[in-house]
There are 2 protein chains.
Amino acid sequence: MAVDLRPSQALKLLHDFNFEMVRDDHDLSARQITILLTIYLEPPPHTVRGLAAKLNVTKPVVTRALDTMGRMEILQRRRDPADRRNVLVHRTVKGALYVERLADLMLAKAKELPL
Amino acid sequence: MAVDLRPSQALKLLHDFNFEMVRDDHDLSARQITILLTIYLEPPPHTVRGLAAKLNVTKPVVTRALDTMGRMEILQRRRDPADRRNVLVHRTVKGALYVERLADLMLAKAKELPL
DNA sequence: CTGAAATGATACGGCTCCGAAACGAATTTT
DNA sequence: AAAATTCGTTTCGGAGCCGTATCATTTCAG
């Protein structure tokens, strides 16, 4: 189960994955994917400020990414009831399916790699 | 040497790789990475038309990606002497180093994955 | 040799994103 | 309760990329 990858395999995997992302028009930016996966992989809570700090980007970048992905319904904003200045970012069913599809695509492309 | 990846590992790899790309400001789009890796992984010749057809994008997309990556000096345009309508895209030393860094980053992140 | 076809580049209007700065709302401090 | 701080959003000017349509150059066909 160890992940043992040769350079040529890594590049082919990178190429094939990005190719499919472009082809199927799942065109999230690197920033958006990073934000999305942070929310789905790391334990909550996730605030705008926290995400911005973690990714070394400005707050407006996070706000706009949440706008875009909120419109896609793969994320959800909710006001923090405890401190109403905060916005907490939550997962959605649609988002979980989207992330699952990302993983499936990656696994499929990994399986196709030449030994 | 088989590439055996679990879904959680695939997502973490995707996250960590994109995170580093954002953090270091290597922010090529999915389209640009796909074009770049096509040129570095597949045998020449590479024409604008051929790349556009292979990636299901329009010719201006390829032209502009070549503009950008040409400015970065990771690719090089040359007129085809045999048919001067064609533009052939060539690798550069700087581009080869860039691609090598992509592979290194991917391998480093793969090695860090939890078993 | 002239018109048609092929190739890549460009013009255009539209959209998204960027960082910096300013802003409103909520909270904390004094 | 007034002032300062914190948090997320919005605004602004600027930049990049998108697809469609058009253009200039080169080649090919009749």
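The sequence lines fix the lettering, A, B, ..., with proteins before strands; numbering per chain opens at 1.
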> Take the protein atom CZ of B:Arg31 and the nucleotide atom P of D:dC17, then report the distance between them rounded to whole Å.
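To the nearest whole Å, that distance equals 11 Å.
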> By side-chain hydrogen bond (donor to acceptor under 3.5 Å, both in side chains), which residues pair with B:Glu73, not counting sequence neighbours?
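Residues passing side-chain hydrogen bond (donor to acceptor under 3.5 Å, both in side chains) with B:Glu73: B:Lys94.
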> Using side chain to side chain contact (heavy atoms under 4.5 Å, CB included) as the criterion, list what pairs up with B:Arg79, not counting sequence neighbours.
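Once residues adjacent in sequence are excluded, the partners of B:Arg79 under the side chain to side chain contact (heavy atoms under 4.5 Å, CB included) criterion are B:Arg84, B:Val87.
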> Would you please name every residue forming a salt bridge (Lys or Arg N to Asp or Glu O under 4.0 Å) with B:Glu112, sequence neighbours left out?
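Result, salt bridge (Lys or Arg N to Asp or Glu O under 4.0 Å) vs B:Glu112: B:Lys109.
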> Along nucleotides 25-30 of chain D, 5' to 3', which nucleotides get a B, which get an S, and which get a -, given that the test is a protein heavy-atom distance under 4.0 Å?
-BS---
> Go through the structure and list residues passing side chain to side chain contact (heavy atoms under 4.5 Å, CB included) with B:Pro7, not counting sequence neighbours.
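Residues passing side chain to side chain contact (heavy atoms under 4.5 Å, CB included) with B:Pro7: A:Ala103, A:Leu107.
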> Under the side-chain hydrogen bond (donor to acceptor under 3.5 Å, both in side chains) rule, collect the residues that match up with A:Thr47, sequence neighbours excluded.
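Checked A:Thr47 against side-chain hydrogen bond (donor to acceptor under 3.5 Å, both in side chains); zero matches.
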> Side chain of A:Glu20, backbone of A:Phe17: donor and acceptor closer than 3.5 Å?
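No.
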> Among residues at least two apart in sequence or on other chains, which ones pass side-chain hydrogen bond (donor to acceptor under 3.5 Å, both in side chains) with B:Asn86?
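side-chain hydrogen bond (donor to acceptor under 3.5 Å, both in side chains) list for B:Asn86, sorted by chain: empty.
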> Students often get this wrong, so: under 4.0 angstrom with heavy atoms, is A:Ser29 touching a base, only sugar-phosphate, or nothing?
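If one applies the 4.0 Å heavy-atom cut-off, A:Ser29 turns out to touch nothing in the nucleic acid.
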> Chain A on DNA chain C: first and last contacting nucleotide, 5' to 3', under 4.0 Å to a heavy atom?
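Answer, 5' to 3': C:dC17 to C:dT27.
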> Contact class for A:Arg77 vs. all strands (heavy atom < 4.0 Å): base, sugar-phosphate, or nothing?
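Sugar-phosphate contact only.
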> Can you list the residues that meet the side chain to side chain contact (heavy atoms under 4.5 Å, CB included) rule with B:Ile74, with sequence neighbours excluded?
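Per chain and number, B:Ile74 pairs via side chain to side chain contact (heavy atoms under 4.5 Å, CB included) with B:Leu28, B:Leu36, B:Met69, B:Met72, B:Tyr98.
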> Which salt bridge (Lys or Arg N to Asp or Glu O under 4.0 Å) pairs, counting each pair once, include a residue from residues 54-68 of chain B, with sequence neighbours left out?
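Salt bridge (Lys or Arg N to Asp or Glu O under 4.0 Å) check on residues 54-68 of chain B returns B:Glu42-B:Lys54, B:Asp67-B:Arg77.
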> Applying side-chain hydrogen bond (donor to acceptor under 3.5 Å, both in side chains), name anything that partners A:Asp83, two or more places apart in sequence or on another chain.
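If we apply the side-chain hydrogen bond (donor to acceptor under 3.5 Å, both in side chains) test to A:Asp83, skipping adjacent residues, the hits are A:Arg85.
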> What are the residues of residues 36-67 of chain A, sorted by number, that bring a heavy atom to within less than 4.0 Å of DNA chain C?
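A:Thr58, A:Pro60, A:Val61, A:Arg64 - these, ordered by number, are the residues of the stretch whose heavy atoms sit under 4.0 Å from the strand.
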> Quickly work out the A:Arg71 CZ to D:dT9 P distance and round it to whole Å.
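Those two atoms, CZ and P, are 13 Å apart.
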